Every structure is written in structure tokens, then in C-alpha cells.
Q: 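This is the structure, below, for whatever I ask next.
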Amino acid sequence: KYDASKRIPQADLEVIYESMRLSASSINSQPWKFVVIESDAAKQRMHDTFANKFQFNQPHIKAASHVILFAYNPHYTRDDYAKVVDKGIEDGRTKAEDREQAFGAYAFVDLNTDDQGNNASWTKSQTYLALGNTLHVLARLGIDSTTMEGVDSELIGEIFKDELGGYVCEVALAIGYHHPDEDYNAALPKSR
């Protein structure tokens with residue numbers, strides 16, 4: 001249970017966002033999109049995505065400081081990877097004359113793409129690497145979180161269509177601070 005009166009400081013948010021941006025992915029593909037929900041209006045839209053199912057996660061949406069949608073590109077293409085290669089050239093990671101050679105790594109995408117161009121299971125796995133990295137950073141910052149696969153991906157896709165732009169969200173992350181008196185879980189020992 002989150003304390004709705006507590007917000008994550010901007011300095012910590014910047015660390016969190018940078019950790020997401022710098023997350024590792026196979027061939028540096030970065031086949032993800034992160035949508036940060038913080039305004040009351042955006043939280044209401046996310047709250048509305050629980051109309052049909054998974055209502056047990058709904059209370060987190062308005063009480064948490066922020067909610068982050070972790071979305072993946074289900075049809076990652078050579079053009080998508082070209083943006084990564086070109087950014088690598090711009091940043092000095094790859095020499096301009098080695099651009100075509102850099103596409104050799106794209107073979108990993110081909111290995112995970114079906115005849116219809118779908119590589120969602122591969123791109124979703126890459127996105128979970130970013131999620132895991134984010135969870136670690138949150139723990140180090142002393143910020144509480146709730147990973148929610150109990151979300152209605154279809155309804156999120158409809159309500160956040162413009163923000164997602166064809167990407168698919170099957171997991172969201174509520175972040176904030178637990179309620180000091182009402183969060184039963186906070187007092188329990190970790191058990192792994």
C-alpha cells in the first residue's frame with residue numbers, strides 16, 4: 001500500500017530515468033518504450049484500464065507517486081536497428097565507415113523473427129532486462145515498487161494508443177513509498 005502524500009524527488013527520478021535509458025539489451029537493440037504516468041489525469045486514464053480485470057492492482061495507480069509502462073516493439077525491424085547504429089556513429093561508438101558491418105549483429109533479430117515479422121517474445125525479453133535494472137536502482141534508492149503483469153494490455157493499448165505508437169505494454173511498474181501504517185508487507189522480512 002502506497003502513501004499517496006509522498007512523491008519521489010526529481011533528483012531520484014532523473015537517476016531512475018537514466019538507469020532505464022542505459023539498460024542493457026541484446027545487440028544494444030533497445031526495442032522498448034517507457035511511458036511515465038504522473039499527472040492526476042494520466043493516472044485516471046491508467047486507472048480506467050482496470051475496468052475489466054486485475055482490479056487488485058488498481059489501487060496502486062492513484063496512490064503511487066508514479067507508474068511506468070514498460071512497452072516493447074513486437075515488430076522490430078532493420079530500420080529500427082539502423083537508428084541504434086546511426087546513434088552509435090553519432091556518439092563515436094561505431095566508425096561511419098563500419099556502418100554496414102555493424103548490421104551483422106542484426107542476425108540475432110532474424111533468429112527471433114517469424115515469417116510474419118513478429119519478434120515480440122524477443123523484444124519483450126529485452127524490455128524485461130530494463131525492468132529488472134530499474135527495480136535494482138529503485139531498491140538502492142530506497143523507493144518501493146510493485147511490478148504488475150496484472151494489467152489489461154489490450155485496454156492499455158487503446159487508452160494509451162498515442163503514447164505507445166504500436167508498442168505493446170504487458171507490464172507496468174508502480175513506484176513510490178509504502179504507507180507507514182497501512183502497508184502490511186513492509187514489516188515482513190524478505191524471504192527468498
Side-chain angles (χ1 to χ4, degrees), residues 1-26 30-74 120-160 163-164 167-192:
K1 176 140 177 102
Y2 287 93
D3 185 340
S5 70
K6 292 186 178 179
R7 303 284 289 167
I8 298 171
Q10 188 61 39
D12 285 346
L13 288 171
E14 289 172 15
V15 170
I16 296 163
Y17 300 156
E18 186 68 353
S19 72
M20 291 161 54
R21 191 182 75 79
L22 294 175
S23 291
S25 58
S26 177
Q30 306 166 61
W32 49 55
K33 185 178 282 193
F34 311 116
V35 178
V36 178
I37 298 170
E38 67 178 317
S39 72
D40 289 341
K43 285 181 175 182
Q44 183 60 54
R45 289 171 62 207
M46 185 61 186
H47 190 269
D48 294 345
T49 69
F50 290 91
N52 301 323
K53 55 186 173 181
F54 304 117
Q55 288 82 14
F56 54 85
N57 276 327
Q58 194 173 32
H60 300 315
I61 304 309
K62 291 189 177 178
S65 176
H66 293 71
V67 176
I68 304 168
L69 305 182
F70 283 75
Y72 61 91
N73 181 348
S121 67
W122 182 78
T123 56
K124 181 178 178 180
S125 295
Q126 304 314 307
T127 303
Y128 270 71
L129 294 175
L131 173 62
N133 187 50
T134 305
L135 291 170
H136 176 82
V137 170
L138 290 165
R140 296 293 299 250
L141 291 172
I143 297 169
D144 299 306
S145 62
T146 305
T147 304
M148 300 178 290
E149 275 193 324
V151 295
D152 187 334
S153 179
E154 188 174 316
L155 207 44
I156 289 172
E158 290 174 24
I159 293 176
F160 289 91
E163 291 88 349
L164 291 172
Y167 284 55
V168 177
C169 174
E170 294 183 358
V171 65
L173 182 66
I175 60 176
Y177 302 97
H178 70 271
H179 194 285
D181 303 317
E182 298 178 22
D183 183 24
Y184 79 94
N185 197 37
L188 298 175
K190 291 286 182 201
S191 178
R192 297 290 188 268

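Small disclaimer: the values here were computed from a predicted structure and weren't measured.
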Q: Backbone N or O of Arg45 within a donor-acceptor pair of the Thr49 side chain at under 3.5 Å?
A: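 Absent.
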
Q: Which atoms form the tightest heavy-atom contact between Pro9 and Tyr177, and what is the distance?
A: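 So the two residues come closest at CD-OH, 3.4 Å.
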
Q: Indicate the atoms forming the closest heavy-atom contact of Ala51 with Gln55, along with that distance.
A: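 Here Ala51 and Gln55 meet closest at O-NE2, 3.4 Å.
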
Q: Please list, chain by chain and in numerical order, all residues satisfying side-chain hydrogen bond (donor to acceptor under 3.5 Å, both in side chains) with Asn57, sequence neighbours excluded.
A: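 For Asn57, no residue satisfies side-chain hydrogen bond (donor to acceptor under 3.5 Å, both in side chains) once neighbours in sequence are set aside.
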
Q: Nearest 0.5 Å please: distance from the CG atom of Asp144 over to the NE2 atom of His60.
A: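 Separation between the atoms: 11.0 Å.
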
Q: Any side-chain heavy-atom pair from Ile8 and Ile175 closer than 4.5 angstrom?
A: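 Of all side-chain heavy-atom pairs linking Ile175 with Ile8, at least one is under 4.5 Å.
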
Q: Mind listing the closest non-hydrogen atom pair of Pro180 and Asp3 along with its distance?
A: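 Taking every non-hydrogen atom into account, CD-OD2, 3.7 Å.
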
Q: For Ser65 and Gly176, indicate whether the former's side chain and the latter's backbone hold a donor-acceptor pair under 3.5 Å.
A: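 Looks like no, no N/O pair under 3.5 Å.
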
Q: Considering non-hydrogen atoms only, spot the tightest contact between Phe50 and Gly150 and give its length.
A: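 That closest heavy-atom pairing would be CE2-O, 3.4 Å.
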
Q: Test side chain to side chain contact (heavy atoms under 4.5 Å, CB included) on Asp152 and Glu158; report intermediate values, then the result.
A: CA-CA 10 Å; Asp152 187 334; Glu158 290 174 24; over 6 Å; no

Q: So Cys169 and Val35, side chain to side chain contact (heavy atoms under 4.5 Å, CB included) or not? Walk me through it.
A: CA-CA 10 Å; Cys169 174; Val35 178; over 6 Å; no

Q: Tell me whether Glu18 at atom CD has more than 12 heavy atoms from other residues, nucleotides or ligands lying less than 6.0 Å away.
A: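 Yes, because the 6.0 Å sphere around CD of Glu18 holds more than 12 heavy atoms from other groups.
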
Q: How about Leu138 and Leu173: do any of their side-chain heavy atoms sit closer than 4.5 Å?
A: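 Leu138 vs Leu173: side chains touch.
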
Q: Kindly compute the distance separating OG1 (Thr147) from CG (Leu135), expressed to the nearest 0.5 Å.
A: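 Rounded to the nearest 0.5 Å, the OG1-CG separation comes to 4.0 Å.
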
Q: Using the ring-ring contact (aromatic ring centres under 6.0 Å, His included) criterion, which residues pair with Tyr72? Sequence neighbours excluded.
A: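 Scan of Tyr72 (ring-ring contact (aromatic ring centres under 6.0 Å, His included), adjacent residues dropped) gives none.
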
Q: Does the side chain of Gln44 pick up a donor-acceptor pair with the side chain of Asp40 at under 3.5 Å?
A: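 Gln44 vs Asp40: no donor-acceptor pair found between side chains.
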
Q: Between Val171 and Leu131, is there a side-chain heavy-atom distance shorter than 4.5 Å?
A: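 The answer is yes, as the side chains (C-beta and beyond) meet within the 4.5 Å cut-off.
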
Q: With sequence neighbours excluded, tell me which residues meet side-chain hydrogen bond (donor to acceptor under 3.5 Å, both in side chains) with Ser39.
A: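 Counting only residues at least two positions away or on another chain, Ser39 forms no side-chain hydrogen bond (donor to acceptor under 3.5 Å, both in side chains).
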
Q: Can you find a pair of side-chain heavy atoms, one from Val151 and one from Leu69, that are under 4.5 Å apart?
A: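 No, their side chains stay 4.5 Å or more apart.
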
Q: Take Ile156 and Leu164 through the test side chain to side chain contact (heavy atoms under 4.5 Å, CB included) and record every step on the way to the result.
A: CA-CA 9 Å; Ile156 289 172; Leu164 291 172; 3.9 Å; yes

Q: Under 3.5 Å, is there a donor-acceptor pair between the side chain of Lys43 and the main chain of Ala63?
A: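 Such a contact is absent between Lys43 side chain and Ala63 backbone.
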
Q: To check you understand the geometry: which heavy-atom pair defines the closest contact between Ala130 and Ser23, and what is its length?
A: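 In this case the closest contact between Ala130 and Ser23 is CA-OG, 3.5 Å.
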
Q: Side chains of Tyr167 and Thr123: is there a donor and an acceptor less than 3.5 Å apart?
A: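 Judged by distance alone, the side chains do not pair up.
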
Q: Not counting sequence neighbours, list each pair that qualifies as a side-chain hydrogen bond (donor to acceptor under 3.5 Å, both in side chains) and has a residue in residues 6-16.
A: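 Matches after skipping sequence neighbours: none remain.
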
Q: Donor-acceptor pairs under 3.5 angstrom involving side-chain atoms of residues 181-192: please list them, not counting sequence neighbours.
A:
unit_1, atom_1, unit_2, atom_2, d
Asp183, OD1, Lys1, N, 3.0
Asp183, OD1, Asn185, N, 3.4

Q: To the nearest 0.5 angstrom, please state how far the CD1 atom of Ile37 sits from the CD atom of Glu163.
A: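 Here the rounded value is 8.0 Å.
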
Q: Can you give me the closest heavy-atom contact between Ser19 and Asn133, atom names plus distance?
A: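 Heavy atoms only, the tightest pair is O-ND2, 2.9 Å.
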
Q: Working to the nearest 0.5 Å, report the span between CD of Gln30 and CG of Leu22.
A: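 Reported value, rounded in 0.5 Å steps: 9.0 Å.
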
Q: Step by step, would you call Leu13 with His66 a side chain to side chain contact (heavy atoms under 4.5 Å, CB included)?
A: CA-CA 10 Å; Leu13 288 171; His66 293 71; 3.5 Å; yes

Q: Would you say the ring centers of His178 and Tyr2 fall short of 6.0 Å from each other?
A: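 So the answer is no for these two rings.
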
Q: Does the Glu149 side chain pair with the main chain of Glu170, one donor and one acceptor, at a distance under 3.5 Å?
A: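 No, Glu149 side chain to Glu170 backbone: no donor-acceptor pair under 3.5 Å.
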
Q: Using side-chain heavy atoms (C-beta onward) and a distance below 4.5 Å, is Gln58 in contact with Phe54?
A: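 No, every pair of side-chain atoms sits at 4.5 Å or beyond.
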
Q: Not counting sequence neighbours, which residues clear ring-ring contact (aromatic ring centres under 6.0 Å, His included) with Phe70? List them please.
A: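 Per chain and number, Phe70 pairs via ring-ring contact (aromatic ring centres under 6.0 Å, His included) with Phe34.
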
